[in-house]
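One structure below.
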2 protein chains.
Amino acid sequence: MNAKATAPSAPERTGAAGADRKAPKADLSRDQILSAAAKLFRDQGYSGTTLRQIAAAAQMKAGSIYYHFSSKDQILDEVLDAGIARNFAAVREAVAACPAEATAEERILAAIAAHMRTLLSSSEFTAVDIRIFGQLPPEIRLRHQSKRSEYARYWDGLFRAAIESGEFRKDIKIAPLRQFVLGALNWTVEWFDPDTQSIDELIDRCTKLIMSGVKSA
Amino acid sequence: MNAKATAPSAPERTGAAGADRKAPKADLSRDQILSAAAKLFRDQGYSGTTLRQIAAAAQMKAGSIYYHFSSKDQILDEVLDAGIARNFAAVREAVAACPAEATAEERILAAIAAHMRTLLSSSEFTAVDIRIFGQLPPEIRLRHQSKRSEYARYWDGLFRAAIESGEFRKDIKIAPLRQFVLGALNWTVEWFDPDTQSIDELIDRCTKLIMSGVKSA
DNA sequence: CATGTTATCTAACAAACGTTAGTTATTTAA
DNA sequence: TTAAATAACTAACGTTTGTTAGATAACATG
């Protein structure tokens, strides 16, 4: 469980200006490793996944992974980062794409749809964040908690607007509401089956339940 | 991952009639092992938990575990069984305790409260079922899937009654509804903090959200 | 073609894992 | 107070684990 070691020989990514000057071919293997690791972590947990499994799924041998990453921990860190980042970015963009005159409820509907679509279609990375986070060693968890609360606070803002505008009931407390709603959405990753219903159908069902509940009018 | 081995020397539990004739003192250690294992599985996952950790938490040495269990797999099997069984029993009893003239909604409220109370207070065993089931090897999962669907079908019956009676909206499909509701409830185990709110408060909030949603009347 | 860089492989390491065998301590019953 | 039973301990086993070092392969550039 070594933490902050720097990669022994991995090439430096050119941060910004250099663009794609020095990004030849190795990054492809890097991405394959990350994607394979994400799928395996999601399905077997972190300790349940071996570097040899990751390597096989990325079509290489275990030792070769260390050309791209300095440790198993570092792979997990990047998978977790990518999961949060993709989800957050998708939700932000969906909300930003709403017309200026959109209601708070409409923004929340857009956010829910984006959250679910990211989670259920390009799911490897986001699903890891959701499924195995609670079982990780505290040291690893701590490294990612700030970005997670950032995401939570973003949702709190969406909900606060809907409550203050009177669209949502005023007796609802924001923090439990956010946890309940995101929890219900996150859990879909455990049972969603694309053969039974489409993602759009599922999004529709979930938003109706969240907005209006189960009782008949 | 050996499966169906029988314990090498563990004493036979007297099935039924014998009552407590031959249950002296070793069962206490057995229960300590199971309880310790459940907590560790819940917090670190199955592969992330070592027999030496379980033994230390049960105040013995790793080798001694094999007097009570034939393998790590067997411990997991019993923990998973206990989790489902406790939850199912608590929900069944709560529903059965409803008066004969209780509405379908009232039965569901009782079931939700029982499910959450079991999950959040005596949580070790039930929480394992919820948190790590999706990451277990398929062979282990298969062994417990029938009891899980039994529990699911029980909930389906509760929901079907509420829909047929007109208490719940008729356009809701039962299977996704059950998965959504149980998912939202199950996820509370990931974030519930008894210092922030009591279990009863949480149950109250969750039932209101499920029944009526977030929108103001 | 040659050459240095980039990427992968092979083979092994020490540590930790689940598990076992043999031995000792503890309890129960005569 | 014994003797059998029950329960736990010690110490090691064969594997598998993450990781490393050194030998190759693939590749681009002069």
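For the numbers below, each heavy atom of this structure counts, side chains included, while hydrogens, waters and symmetry mates do not. Numbered from 1 within each chain, the chains take letters A, B, ... in sequence-line order.
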DNA chain D in dot-bracket form (Watson-Crick or G-U pairs under 3.5 Å, [ ] crossing, | inter-strand) is ||.|||||||||||||||||||||||||.|
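- Residues from residues 49-60 of chain B lying near DNA chain D, meaning a heavy-atom separation below 4.0 Å, are B:Arg52, B:Met60 in numerical order.
- The side chain of B:His68 approaches D:dA8 more closely than any other nucleotide in the set D:dA8, D:dT10, C:dC9.
- For C:dT8, the OP1/OP2 oxygens have a side-chain nitrogen or oxygen of A:Ser29 closer than 4.0 Å.
- Taking CZ of B:Arg42 as the reference point, atom OG1 of B:Thr126 lies at 10.5 Å (rounded to 0.5 Å).
- No donor-acceptor pair under 3.5 Å is formed between the side chain of A:Ser35 and the backbone N or O of A:Asp31.
- Checking C:dT6, D:dT19, C:dG18 against the side-chain heavy atoms of A:Tyr67 singles out C:dT6 as nearest.
- With sequence neighbours excluded, no residue satisfies salt bridge (Lys or Arg N to Asp or Glu O under 4.0 Å) with B:Arg141.
- With salt bridges taken as basic N to acidic carboxylate O contacts below 4.0 Å, none links B:Lys39 and B:Asp43.
- Within the 4.0 Å cut-off from OP1 or OP2 of C:dT8, not a single side-chain nitrogen or oxygen of A:Lys61 is found.
- Taking side-chain N and O atoms only, A:Ser64 has no distance below 4.0 Å to OP1 or OP2 of C:dA7.
- A donor-acceptor pair shorter than 3.5 Å cannot be found between the side chains of A:Asp156 and A:Tyr151.
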